[in-house]
Every structure is written in structure tokens, then in C-alpha cells.
Amino acid sequence: MIVVKNDKIEYLSDDIPVGEVLFQKETDYLVLTTAYVKDEYRGQGLANKMLEEVFSYLKENNIKVKIECSYINHWLFGKKLYQELIVK
């Protein structure tokens with residue numbers, strides 16, 4: 001489950017915050033700057049689940065994004081489903 005806040009999208013697993021995607025708001029899009037999973041939750045595939053939920057939310061709400069996080073860029077490689085959201 002994700003919770004959208006002012007400058008981040010928090011990812012909850014069993015109602016516990018385990019990760020987040022930080023962003024900056026621009027006029028027509030969000031700049032995704034960081035994807036982070038807390039140390040104690042790493043290695044469980046949560047970053048992938050978090051980004052799947054985040055990008056599903058962005059797509060459902062037609063929110064464009066610019067990516068400044070190398071992990072998110074790597075995760076997006078080959079995922080054609082979300083390419084229409086990307087601002088170059």
C-alpha cells in the first residue's frame with residue numbers, strides 16, 4: 001500500500017512504513033529523486049513491489065514524471081507499460 005504525502009510516496013507493508021520514493025513537484029510533472037527501502041527490509045523484493053505500486057498509481061492518475069534516481073531508471077528499463085509517463 002502507498003500513501004502520497006507532500007514530498008514523498010511512502011510504501012507500507014502490513015501497515016509498517018518500509019520504504020519511500022522522494023519527489024519534487026514541478027508545474028506539469030514530478031521529479032522522482034530517490035527510492036529507498038529501510039535497511040532491515042532489504043533483500044525481500046520490497047523495492048520492486050513499491051515501484052510497481054507507485055507507477056500503477058502514477059499511471060492511473062496520469063501523472064508524468066522525470067527520473068533522477070539511478071535505481072528507478074534501472075528498474076524502468078524494458079517496462080514499456082510506464083514509458084508514456086516519462087518526461088525527458
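Just so you know, these numbers use all the heavy atoms, side chains as well, and skip hydrogens, waters and symmetry mates.
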- Query: Going hydrophobic residue to hydrophobic residue with side-chain gaps under 4.5 angstrom, can you get from F23 over to I2?
  - Reply: yes

### Query
Should the pair Y82 and F55 be assigned to parallel (<30°), tilted (30 to 60°) or perpendicular (>60°) ring geometry?
tilted

Nearest heavy-atom approach of R42 to V37 is NE-O, 2.7 Å

With a 4.5 Å cut-off on side-chain heavy-atom distances among I, L, V, M, F, W and Y, is there a chain of contacts connecting V65 to Y36?
no

Contacts of K8 meeting salt bridge (Lys or Arg N to Asp or Glu O under 4.0 Å) (sequence neighbours excluded), chain-then-number -> E10, E20

Value for CD (Q24) from OG1 (T34), rounded to nearest 0.5 Å, stands at 9.0 Å

Following the transitive rule for hydrophobic clusters with a side-chain heavy-atom cut-off under 4.5 Å over Ile, Leu, Val, Met, Phe, Trp and Tyr, establish whether V31 and L22 coincide in one cluster. no

Across all chains, not counting sequence neighbours, the salt bridge (Lys or Arg N to Asp or Glu O under 4.0 Å) partners of D28 are none

When every non-hydrogen atom of P17 is compared with those of Y41, the smallest separation belongs to O-CE1, 4.5 Å

*Start with the C-alpha gap between E52 and Y57, add the side-chain angles, then the distance that decides, and say whether side-chain contact (heavy atoms from CB on, under 4.5 Å) holds.*
CA-CA 9 Å; E52 282 287 349; Y57 172 84; over 6 Å; no

Test L12 against V3 for side-chain contact (heavy atoms from CB on, under 4.5 Å), laying out the working first. CA-CA 8 Å; L12 308 174; V3 178; 3.7 Å; yes

Quiz item: Judged by atom type as modelled, is there a donor-acceptor pair below 3.5 Å linking the side chain of K49 to the main-chain atoms of Y11?
Solution: no

Would a single hydrophobic cluster contain both Y29 and V21, if residues Ile, Leu, Val, Met, Phe, Trp and Tyr are joined by side-chain heavy-atom contacts under 4.5 Å? no

Residues K64 and V87: closest non-hydrogen pair is CB-CG2, 3.7 Å

Of all heavy-atom pairs linking L30 and K25, the shortest is CD2-CG, 3.8 Å

> Linking I/L/V/M/F/W/Y whenever any side-chain heavy atoms sit under 4.5 Å apart, do M1 and L51 land together?
Replying inline: no

Q.
Does L81 form a side-chain contact (heavy atoms from CB on, under 4.5 Å) with K79? I'd like the steps, not just the answer.
A. CA-CA 5 Å; L81 180 63; K79 290 184 173 61; 5.6 Å; no

Nearest heavy-atom contact between L76 and Q83 is O-NE2, 3.4 Å

All heavy atoms of A35 vs all of C69, minimum pair found to be N-SG, 3.6 Å

**Message:** side-chain contact (heavy atoms from CB on, under 4.5 Å) for L32 and K66? Distances and angles first, verdict last.
**Reply:** CA-CA 6 Å; L32 305 183; K66 183 175 182 182; over 6 Å; no

